[in-house]
Amino acid sequence: MAAVALNSKAVGSTVKLKVDGTLRDFIIIHKGRPSTLYDSSCDGVWLLLKDCLESRQWHSSNSNSYKASTIHAYLNNEWFKKLDANIQAQVKQVKLPYVNGTANSAVASGANGLSCKVFLLSGYEVGWTQNTNSYFPIDGAVLDYFKGTAATDAKRIAYLNGSATYWWLRSPNTYNADNAWLVNSNGSYNGSSCTSTYGVRPALILPSSLLVSDDGSVNTNTAPTTPGSLTVPDSIQGGETITVSWGASTDAENNLEGYIVERSTDGGASWTQIYQGSSRSTTNTVPFGTGTVQYRVKAYDTDGASSAYRTSAAITVINNLAPGAPASITVPNTVMGGSQLAITWGAATDSDGNLEGYSLERQVDGGDWAQVYSGSALSFTDTITKGWASVAYRVRAYDSHNAYGDYATSETRTVNNNTPPDIICTSTGDLGTKSAGFTVAYQVGDTDGDPITVTEAMDGITKRTFQADPEASNSFAVTGEYFMKLANGKHTMKITASDGKEASSYELTFTKEVTAAAISLDEPMDADAKITVCVLSVTGDIPTDAEYKVEVTNNAKDTTPVWEHCTTEVKNGANHVFENETAANGFSFNFRVTVSRGESGKGGYISSIQGGFQ
């Protein structure tokens, strides 16, 4: 059943109230407070019984004091009780302007007016003034229904049992103390003795908020309260589905039924309903290209009474297109558990020119996707947890309005959870300049307990390969002839440890710088007799401009050995005959070969020294 607010009905229209259980027509004759003569309690909807149901005396005695009149007492007691109880509770207690008889012609008005719920209209209220007849008291103001002149008399005509009849007003005739004013059957005015019997047209005032049903009957159902709030997102994207929610309404009769939500895309000029129901939220898709959007919500009850609207502010819609998908995503084929992994992706494009960044997500072992990076870079280094079986990545671009494009998704990579061998070495980086042989100590180990193969290489050329004992001490030896054969300059030492699945490597560098060499025996060679002759052979690569000298001695154990030159003999492959014939500590043999670079700066080496003596 639909219903409208009583206040929305036009002046002159009729509504129905039950009198003695029967619906009777009442005319709406005014809305609001007629003038300052009236107390504020008179602010409401004024109703007048359309036709008389009975005739009664104005007063049982010839006195035109309305306050003390029989008709006043009757209307506010017996007649009032003929109304339904729910309407009785709504009839307003008002204070009307009145004159209390001829003896006291002063107008009582405002807060001093006559207190009542049901009353007769005054002469002024039906349109007559002292200009009409000077004996009309100024006890009111003309009501809206009776304003104008063309049809005013016709509007005053009332019927009783189908015939036009006379009916009483509350205004006393100020000329005659036993006389009161009334309306003739043709709508004109007249006066008569208060003890006369004429028609009665009760008037009363109801609250504006009451409702009028489809059949015109007034009921005491009140509209629900306006929803307490309306929540709409501050930022709305065209084409986006948003959630609109609102606060609860209350209803005095507990017959709240639901809510109606409407949307406007033209600044409130027109509205379209998007939801009706009992929920306190709804979703709505704002079409792409919409300029502005706003929403409003009202509550309604089972009698069709609606609250006022709660309206949102107009929100400018952002018609932004999401970026395109990134051009590519690259994940290395080999993924090691416990290690780091570099993921890269190609740039995305954005037709609006407001690309802001990228969101990278990771999937482990086929599970849910989780964001691992958000920002403007085109790469991210992730840490792979040892024990994962597989991993995949996907990336999408987003713009300054938080619109996301499509994903670029990688292939799923198998995670290798083998741990490469460890190489532990105290020497690090560049070992500096080396002019003589040296060694580097190191250890290897494997967490998984796999056998370890170690390869030592110099400048990319393998020196040796061996099976290493875990935690044993190893040495990368760069000594003796091996060192001698290395050319001067920068060299790279590389130690590689492999468990057959993965390999680890460790690199060191050094610079060989040897421009001279001196070679001699650490311990002289003893002889049983005097040493008289020797022969030496020096092989290798000695540049022709090198400073090259070979010396020998046959008393090497003496405090000051006698060194004899034999460079020429060595070069010629000839024997050298010793000149020295004494040896305080016994005859013993030794040699020393010294060589240094010449002006060409060309390097060389000595690979062996051989010979004998007697």
Side-chain angles (χ1 to χ4, degrees), residues 427 430-441 458 463 473 475-491 493 508 510-614:
S427 299
D430 191 344
L431 303 179
T433 300
K434 300 292 186 181
S435 60
F438 63 95
T439 61
V440 173
M458 181 72 73
K463 179 178 182 290
S473 180
S475 293
F476 193 146
V478 187
T479 58
E481 183 179 346
Y482 185 78
F483 177 78
M484 291 174 58
K485 288 184 176 181
L486 294 175
N488 278 354
K490 194 84 168 182
H491 296 278
M493 304 168 61
L508 299 167
F510 68 93
T511 301
K512 180 182 177 182
E513 187 174 326
V514 178
T515 58
I519 303 172
S520 182
L521 294 174
D522 287 338
E523 293 294 334
M525 299 176 67
D526 292 337
D528 295 335
K530 181 173 70 171
I531 300 172
T532 61
V533 63
C534 71
V535 61
L536 287 177
S537 172
V538 179
T539 58
D541 182 12
I542 301 174
T544 57
D545 67 340
E547 296 183 11
Y548 173 46
K549 180 170 68 173
V550 181
E551 298 172 282
V552 293
T553 180
N554 59 1
N555 63 339
K557 288 188 176 181
D558 287 359
T559 303
T560 305
V562 176
W563 291 96
E564 300 179 12
H565 290 275
C566 65
T567 306
T568 301
E569 292 91 331
V570 170
K571 287 181 178 180
N572 294 330
N575 292 336
H576 173 74
V577 178
F578 284 101
E579 296 180 0
N580 176 56
E581 295 184 352
T582 63
N585 295 320
F587 286 95
S588 60
F589 178 77
N590 205 346
F591 65 85
R592 63 186 182 187
V593 178
T594 58
V595 61
S596 60
R597 292 183 182 180
E599 292 182 359
S600 68
K602 183 178 179 181
Y605 65 89
I606 297 173
S607 59
S608 69
I609 300 175
Q610 297 179 342
F613 61 87
Q614 62 178 22

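Remember, predicted model here, so these are calculated numbers, not experimental data.
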Original post:
Among F510, Y482, F438, which one satisfies ring pair (Phe, Tyr, Trp, His ring centres under 6.0 Å) with H491?
Top reply: F510

**OP:** Taking the side chain as every heavy atom from C-beta outward, state whether V440 and L431 have any atom pair closer than 4.5 Å.
**Re:** yes

Subject >> Distance in Å, D526 CG paired with F589 CZ, rounded so as to fall on 0.5 Å steps >> reply: 12.5 Å

**OP:** Report the residues that fulfil ring pair (Phe, Tyr, Trp, His ring centres under 6.0 Å) with F578, sequence neighbours left out, ordered by chain and then residue number.
**Re:** H576

Original post:
Looking at CD of E564 and CD of E569, how far apart are the two atoms once the value is rounded to the nearest 0.5 Å?
Top reply: 9.5 Å

Subject >> Nearest heavy atoms of A556 and P561, plus distance in Å >> reply: O-CG, 3.7 Å

**OP:** Please determine, by modelled atom types, if N555 and T553 share a side-chain donor-acceptor pair under 3.5 angstrom.
**Re:** yes

Original post:
Closest heavy-atom contact between K557 and S588?
Top reply: N-OG, 3.1 Å

Subject >> Heavy-atom pair of closest approach, residues V535 and A574 >> reply: CG2-O, 4.0 Å

Going by atom type alone, with no hydrogens or angles, which donor-acceptor pairs under 3.5 Å involve a side-chain atom of residues 606-614 and a protein atom two or more places apart or on another chain?
from, atom 1, to, atom 2, distance (Å)
S607, OG, T539, O, 3.3
S607, OG, T539, OG1, 3.3
S608, OG, T539, OG1, 2.4

Original post:
Is there a donor-acceptor pair closer than 3.5 Å between any side-chain N or O of E599 and the backbone N or O of D545?
Top reply: no

**OP:** Take K571 and I542 through the test side-chain contact (heavy atoms from CB on, under 4.5 Å) and record every step on the way to the result.
**Re:** CA-CA 11 Å; K571 287 181 178 180; I542 301 174; over 6 Å; no

Original post:
With a 4.0 Å cut-off, would you call K602 and D541 a salt bridge?
Top reply: no

**OP:** Nearest 0.5 Å please: distance from the CG atom of N554 over to the CG atom of N590.
**Re:** 11.5 Å

Original post:
Quick check: does any side chain N or O of N580 sit under 3.5 Å from a backbone N or O of T582, one acting as donor and the other as acceptor?
Top reply: yes

Original post:
Is S520 reaching over with its side chain to a backbone N or O of F591, donor-acceptor style, under 3.5 angstrom?
Top reply: yes

**OP:** Would you indicate whether the side-chain heavy atoms of L508 and F476 approach each other to under 4.5 Å?
**Re:** no

Subject >> Interatomic distance, C566 atom SG to N572 atom CG [nearest 0.5 angstrom] >> reply: 11.0 Å

Subject >> Test: K434 cationic atom under 6.0 Å from F483 six-membered ring centre, within 45° of axis >> reply: no

**OP:** Provide the closest heavy-atom pair for A583 versus D558 in the form atom of the first, atom of the second, distance.
**Re:** CA-OD2, 3.5 Å

**OP:** Using atom types as modelled and distance alone, determine if a side-chain donor or acceptor of T439 lies under 3.5 Å from a backbone N or O of S475.
**Re:** no

Original post:
For the side chain to side chain contact (heavy atoms under 4.5 Å, CB included) test, which of T567, V593, V570, V595 pairs with K549?
Top reply: T567

Original post:
Taking the side chain from K512 and the backbone from M484, do they hold a donor-acceptor pair closer than 3.5 Å?
Top reply: yes

